[in-house]
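In what follows, a single structure is set out as structure tokens and then discussed.
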Amino acid sequence: MKQILVITEKPSVAMSVGKVIGANERKDGYLQGNGYIVSWCYGHLVGLAEPDSYGSEFKSWGKFPIIPEKWNYVVNKETKKQFDILKNLMNHITVDCVICATDAGREGELIFRHVYSMAGCRKPFKRLWISSLEDSAIREGFQNLRDGSYYDNLYKSALCRERADWLVGMNMTRFFSTLYNSTKPLSIGRVQTPTLSMIVDRDNEISSFEKRKYYTVQINCGSFTAESERIEDLQTAQEMAKGCSLAHAVVKDVKSEIKRTSPPQLYDLTSLQRDANRLFGFTAQQTLDSVQNLYDNKLATYPRTDSRFLTEDMEETARNVIGVIKTTFGFAKSAESEPNIKAVMDSSKVSDHHAIIPTVNIRYADISSMRDTDRKILYLISERLLTATADKYEYENTSIILDCNGTLFSASGKTIINKGFKAIEENFFNFIKTKAFDNNEASEKTVSHLPVINKGDSFAVTSKIAEHYTAPPKPYTEDTLLAAMERAGNGAYDNDDVERKGLGTPATRAGIIENLIYRGYVIREKKNLVSTPKGKALISIMPEKLKSAEMTAEWENRLSLIAKGQTDSSSFMRDISNFVENIIKTTIIVDSMKEAFNERKAIGICPRCGSKIYEGKLNFYCENRVCSFVLWKENKFFNSKKKSITKDVAVQLLEKGKVHFKDLYSEKMGKTYEADIILDDTGDKYVNFKLMFADKPKKGR
């Protein structure tokens with residue numbers, strides 16, 4: 001009997017898919033039933049091989065660049081058992097078709113294609129592309145399977161991303177670690193290094209900032225206060241305040257206009273991570289993990305999206321979800337008006353996946369038993385669907401200009417006409433017991449209202465001077481860093497017609513931040529991300545091109561165009577290879593930083609090349625990776641004499657070329673003797689030694 005093999009990215013998804021298509025019989029590493037076999041990967045089962053797979057000359061770190069003509073891949077040793085299961089299933093005589101059901105995105109495509117290729121499978125395959133793990137979404141997905149070749153460009157983009165990261169990461173890490181004799185590898189990456197550079201630049205701006213005082217004069221008009229423009233020196237401010245004291249201010253101009261603020265857009269992953277950081281202090285990784293967990297449990301749609309809209313066929317779905325939210329969450333009670341779902345629908349602004357929204361399954365969820373992070377993220381995406389489809393916020397804004405003793409003062413106020421979506425926001429912030437974060441109106445110098453004022457009105461006033469200080473730039477938080485990564489290289493970012501470039505993708509940015517922290521280049525200080533001395537030192541030696549956010553963002557844009565079939569993948573890879581070669585050819589060492597990354601102390605000088613010798617765990621080695629000189633602590637010659645090469649012995653061998661022992665053991669005689677061991681290095685692969693005995697004094701006649 002012929003069967004169809006379905007391959008998912010993880011076991012939990014396989015269970016969901018198997019339940020819908022009737023594959024419920026559990027086997028070792030797969031499910032079976034109803035003509036289907038459903039198996040799974042554990043993330044990346046297959047990955048790029050290490051440099052030494054391209055030749056023994058790359059075992060050491062002294063040869064550059066490493067640019068493979070043909071790429072080598074290896075099976076992950078930790079998950080080889082599952083790979084073998086998949087390989088056997090893919091090539092089984094009863095399987096005539098394979099369905100790729102890994103996560104519907106660039107990395108999911110790569111995971112499947114690598115397994116398919118490494119398993120030597122040549123059978124036709126189709127693609128399941130879904131944005132939710134709800135039963136209805138899975139059923140609909142199986143009714144609309146596409147031929148696997150439809151996603152070939154996405155696969156090419158994924159390959160280019162993987163290989164570009166390898167080329168830059170492997171070459172630059174090895175090259176700069178060698179160039180600066182670093183004790184530990186200097187982790188350098190295509191996206192990681194420009195991101196670190198942004199943090200370092202911001203920290204340098206803060207540390208070099210010089211605070212400056214300035215002044216404004218405020219006049220009290222009884223029911224409201226007006227303020228002057230900024231004044232640089234105190235004397236001018238004092239004279240102005242004195243001239244206005246007990247004087248009259250005359251209204252020169254009054255302007256009133258109705259303003260409307262549109263509701264916020266739905267969440268993509270980055271905007272969700274930003275708000276979760278501002279409101280709850282969640283890291284980008286915590287938010288990604290939580291929304292992924294909600295997706296796996298069928299409570300939210302696909303998380304790794306860069307779209308903030310729904311497709312135009314989702315109106316009924318959105319309406320049903322909104323109805324469930326209103327009956328499930330307390331903060332939704334204020335959402336009384338009919339939702340304007342068309343405001344969040346635009347198929348032209350949805351690429352692989354639509355915005356993140358809850359599913360109707362939340363009606364069955366035990367909210368109280370959820371992890372705190374999962375519960376709060378579910379609250380956020382639910383509240384956002386309500387606010388995004390709510391009415392606009394409307395208010396009347398009044399601004400006035402007054403003249404007092406020849407100086408102009410201004411004041412403004414607003415009167416709310418319709419709270420619209422802000423009514424839902426207020427209830428939500430009260431529900432989660434937190435303050436609202438800054439929005440467009442928060443920065444306005446307004447009062448809640450102004451009295452009725454007409455042009456020509458006069459007010460007796462008192463005056464005072466207010467002191468102000470210029471403020472330094474704020475350290476990056478995960479919120480503001482994610483925004484900076486998203487905007488990098490895109491000066492016209494606010495124009496929706498402009499292709500978003502950015503550093504990394506919504507799916508990878510959290511991992512980049514976590515890796516910078518893991519490597520010790522950045523630390524968290526409460527919500528702030530601050531570069532360490534190690535991070536600053538690394539950026540100080542990086543060539544401008546390697547830390548350029550704009551160029552890396554342009555590469556990311558080209559990867560996006562490759563996925564759309566709008567540009568060539570081979571030219572992209574040529575440019576990356578040329579970039580790596582150019583960095584290696586043109587980089588000049590920064591003399592002042594030669595020893596900045598070297599935490600070791602040299603014990604001597606190499607007798608072969610004159611470089612420094614350092615102590616390792618098992619040996620004493622030459623810093624010059626091209627040089628093969630090494631003294632092994634456990635050495636056959638020394639061991640035969642019941643000795644080893646200690647640090648003190650190595651120092652003497654390097655300084656004097658010999659070391660003296662009084663108790664060398666003779667295996668032949670079974671006793672000890674006194675002699676020098678001479679370093680007899682001939683430049684071969686292994687260092688040689690020989691014995692030298694002291695001349696015995698001649699006996700007198």
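Quick note: numbers below take in every heavy atom, side chains included, and nothing from hydrogens, waters or symmetry partners. Nothing here was measured: the structure is a model prediction, and the numbers come from that model.
Here ring pair (Phe, Tyr, Trp, His ring centres under 6.0 Å) pairs that include residues 655-681, with residues two or more places apart or in two chains, are Tyr673-Phe693. Residue pairs that meet the salt bridge (charged side-chain N to carboxylate O under 4.0 Å, His left out) test with at least one member in residues 40-60, sequence neighbours left out, do not exist here. The list of salt bridge (charged side-chain N to carboxylate O under 4.0 Å, His left out) pairs with a residue in residues 632-641, not counting sequence neighbours, reads Glu615-Lys633.
A ring-centre distance under 6.0 Å is not found for Phe175 and Trp61.
Taking the six-membered ring where tryptophan is involved, the planes of His114 and Tyr73 are tilted, since the angle between them lies from 30° to 60°. Between Phe282 and Phe280, the ring-plane angle classifies as tilted under the 30° and 60° cut-offs.
Partners of Thr283 under the side-chain contact (heavy atoms from CB on, under 4.5 Å) rule, at least two apart in sequence or in another chain, are Gln285, Gln286, Glu478, Glu514, Arg524. Residues that satisfy the salt bridge (charged side-chain N to carboxylate O under 4.0 Å, His left out) test with Lys642, not counting sequence neighbours, are absent from this structure. In this view, Ser12 and Lys10, Asp296 satisfy the side-chain contact (heavy atoms from CB on, under 4.5 Å) rule, not counting sequence neighbours. By the side-chain contact (heavy atoms from CB on, under 4.5 Å) test, Ser56 is found to be paired with no residue, residues two or more places apart in sequence or in another chain being considered. Taking the ring-ring contact (aromatic ring centres under 6.0 Å, His included) definition, one finds that Phe58 meets it with nothing, sequence neighbours left out. Annotation: side chain to side chain donor-acceptor pair (under 3.5 Å) contacts of Tyr614 (sequence neighbours excluded): Asn598. Every residue two or more places apart in sequence or in another chain was checked for a salt bridge (charged side-chain N to carboxylate O under 4.0 Å, His left out) with Arg519, and none qualifies. The side-chain contact (heavy atoms from CB on, under 4.5 Å) test applied to Thr477 returns Asn277, Asp479, Thr480, Lys527, Asn528, not counting sequence neighbours.
Under a 3.5 Å cut-off, the side chain of Tyr30 and the backbone N or O of Ile7 do not form any donor-acceptor pair. Without hydrogens or angle criteria, Thr287 side chain to Ala276 main chain gives no donor-acceptor distance under 3.5 Å. A donor-acceptor pair under 3.5 Å is absent between the side-chain atoms of Arg113 and the main chain of Tyr155, judged by distance alone. Side-chain atoms of Glu623 come within 3.5 Å of backbone N or O of Lys612 as a donor-acceptor pair. Side-chain atoms of Asn635 come within 3.5 Å of backbone atoms of Phe637 as a donor-acceptor pair (strictly under, hydrogens ignored). In this structure, Asn297 contributes its side chain and Asn293 its backbone to a donor-acceptor pair below 3.5 Å. Judged by distance alone, with hydrogens and angles left aside, the side-chain atoms of Thr193 form a donor-acceptor pair with the main-chain N or O of Gly189 at under 3.5 Å.
Other residues, nucleotides and ligands contribute over 12 non-hydrogen atoms within 6.0 Å of the NZ atom of Lys534. The environment of Phe209 atom CZ is dense: over 12 non-hydrogen atoms of other residues, nucleotides or ligands sit within 6.0 angstrom. The 12-atom threshold is not exceeded at NZ of Lys184, counting heavy atoms of other residues, nucleotides or ligands nearer than 6.0 Å. For Met692, the CE atom counts as loosely surrounded, since its 6.0 Å shell holds 12 or fewer non-hydrogen atoms of other residues, nucleotides or ligands.
Note: Met485 CE to Thr552 OG1 = 10.0 Å, rounded to the nearest 0.5 Å. Rounded to the nearest 0.5 Å, atoms CD1 (Ile576) and CH2 (Trp166) are 13.5 Å apart. Between the OG atom in Ser187 and the CZ atom in Phe176 there is a gap of 13.0 Å [rounded to 0.5 Å]. Between the NZ atom in Lys87 and the CD atom in Gln82 there is a gap of 14.5 Å [rounded to 0.5 Å]. Distance check: Tyr476 OH to Thr195 OG1 gives 10.0 Å after rounding to the nearest 0.5 Å.
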For residues 581-588, dump all side-chain donor-acceptor pairs below 3.5 Å to protein atoms at least two apart in sequence or in another chain.
residue	atom	partner	partner atom	Å
Thr586	OG1	Asn582	O	2.7
Thr587	OG1	Ile583	O	2.6

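Under 3.5 Å, the side chains of Arg304 and Thr505 contain no donor-acceptor pair of N or O atoms. Using a 3.5 Å distance cut-off with no hydrogens or angles, the side chains of Asp568 and Ser570 do pair a donor with an acceptor.
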Passes side chain to side chain contact (heavy atoms under 4.5 Å, CB included), Val115 versus Phe112? Steps please.
CA-CA 5 Å; Val115 171; Phe112 170 79; 5.7 Å; no
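In this structure, Arg558 forms no cation-pi arrangement with Phe572, as its terminal cationic atom is not both closer than 6.0 Å to the ring centre and no more than 45° off the ring axis.
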